[in-house]
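The structure under discussion appears below in the form of structure tokens.
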Amino acid sequence: MRLLKIFFGIIFVIFAYLQLNDPDSGVWIAIYSFAALGCFMSIRELWPSWVFYVLAAGYLVAAILQWPPEFEGIFFGETAMRSLNIELARESLGLGICAVVMAVIGKWG
């Protein structure tokens with residue numbers, strides 16, 4: 001489980017770094033940095049499990065609220081940004097990943 005926490009902590013740091021060119025980068029850097037912090041804090045068991053459940057619930061609610069009105073996929077490559085719906089779906093997917101990781105850490109971390 002420790003390797004999983006380290007892996008996702010590093011993944012969330014990379015996610016935060018990739019947000020630097022985003023128009024609302026401050027918000028997304030904070031979101032992914034806090035998820036990374038949660039992963040790294042759980043390695044030393046510095047936070048109780050209920051904190052991770054609260055984080056998971058918050059990320060899940062945010063993912064649902066961020067879901068696009070019309071799903072058009074999460075394309076990568078040449079068709080990267082045809083519409084705002086693709087960006088919203090990507091953001092929702094990222095929040096969903098954070099929610100799942102926080103719930104797993106809360107349960108088995």
Side-chain angles (χ1 to χ4, degrees):
M1 188 63 169
R2 187 169 193 256
L3 289 176
L4 186 73
K5 294 175 187 179
I6 292 170
F7 173 76
F8 276 108
I10 292 170
I11 289 294
F12 290 139
V13 168
I14 292 170
F15 282 4
Y17 176 75
L18 292 175
Q19 299 302 314
L20 288 175
N21 64 350
D22 209 25
D24 54 349
S25 62
V27 173
W28 292 101
I29 290 172
I31 287 170
Y32 290 127
S33 295
F34 205 73
L37 177 67
C39 290
F40 295 135
M41 294 294 273
S42 70
I43 292 171
R44 298 274 181 157
E45 299 177 2
L46 297 175
W47 289 352
S49 63
W50 65 266
V51 173
F52 298 102
Y53 291 132
V54 169
L55 286 172
Y59 282 127
L60 181 62
V61 168
I64 291 169
L65 292 175
Q66 193 69 20
W67 191 254
E70 183 179 334
F71 183 72
E72 297 179 26
I74 53 168
F75 299 109
F76 294 100
E78 293 178 16
T79 60
M81 280 299 297
R82 280 192 327 219
S83 72
L84 179 63
N85 289 332
I86 294 172
E87 179 69 14
L88 291 175
R90 289 178 182 174
E91 291 172 350
S92 183
L93 178 64
L95 290 167
I97 292 170
C98 291
V100 169
V101 171
M102 293 300 118
V104 167
I105 289 174
K107 176 70 175 169
W108 293 292

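You'll find the side chain of Q19 stays beyond 4.5 Å of the side chain of V27, heavy atoms only. No side-chain heavy atom of I105 sits under 4.5 Å from any side-chain heavy atom of W47. A 4.5 Å side-chain heavy-atom check between W28 and L20 finds every atom pair outside the cut-off. At least one side-chain heavy atom of D22 sits less than 4.5 Å from a side-chain heavy atom of E91.
If you chain together hydrophobic residues whose side chains sit under 4.5 Å apart, V13 and L3 never meet in one group. V100 and I64 fall into different hydrophobic clusters, where Ile, Leu, Val, Met, Phe, Trp and Tyr are joined by side-chain heavy atoms under 4.5 Å apart, directly or via other members. In the hydrophobic clustering of ILVMFWY residues, with side-chain heavy atoms under 4.5 Å counting as a link, I11 and L4 come out together. At a threshold of 4.5 Å between side-chain heavy atoms, the hydrophobic network of Ile, Leu, Val, Met, Phe, Trp and Tyr places I29 and F34 in two separate groups. Under the 4.5 Å side-chain contact rule for hydrophobic residues, F8 and L93 share a cluster.
A side-chain donor-acceptor contact under 3.5 Å links N85 to the backbone of E70. Looking only at distances, a side-chain donor or acceptor of Y59 sits under 3.5 Å from a matching main-chain atom of I31.
When all heavy atoms of S42 and F52 are compared, the closest pair comes out as CB-CZ, 3.5 Å. In this structure, S33 and A16 approach most closely via the heavy-atom pair OG-CB, 3.8 Å. Of all non-hydrogen atoms in I74 and I86, the two that sit nearest each other are CA-CG2, 4.2 Å. Considering every non-hydrogen atom in both A56 and A103, the closest pair reads CB-N, 3.7 Å. Closest approach of A63 to S92, counting heavy atoms only: O-OG, 2.8 Å. Nearest heavy-atom pair across M102 and C39 is CE-SG, 3.9 Å.
Distance check, rounded to the nearest 0.5 Å: CG of L60 to OH of Y53 gives 14.5 Å. Residue R2 holds its CZ atom at 7.0 Å from CZ of R44, rounded to the nearest 0.5 Å.
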* **F12 vs V101, side-chain contact (heavy atoms from CB on, under 4.5 Å): CA-CA, chis, key distance, verdict** => CA-CA 10 Å; F12 290 139; V101 171; 3.9 Å; yes

* To do: Would you sort out whether V104 and M1 count as a side-chain contact (heavy atoms from CB on, under 4.5 Å), showing the intermediate values?
  => CA-CA 10 Å; V104 167; M1 188 63 169; 3.7 Å; yes

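Applying the 6.0 Å contact sphere to CG of L46 captures more than 12 heavy atoms from other residues, nucleotides or ligands. Shown here is F71, whose CZ atom has more than 12 heavy atoms of other residues, nucleotides or ligands within 6.0 Å.
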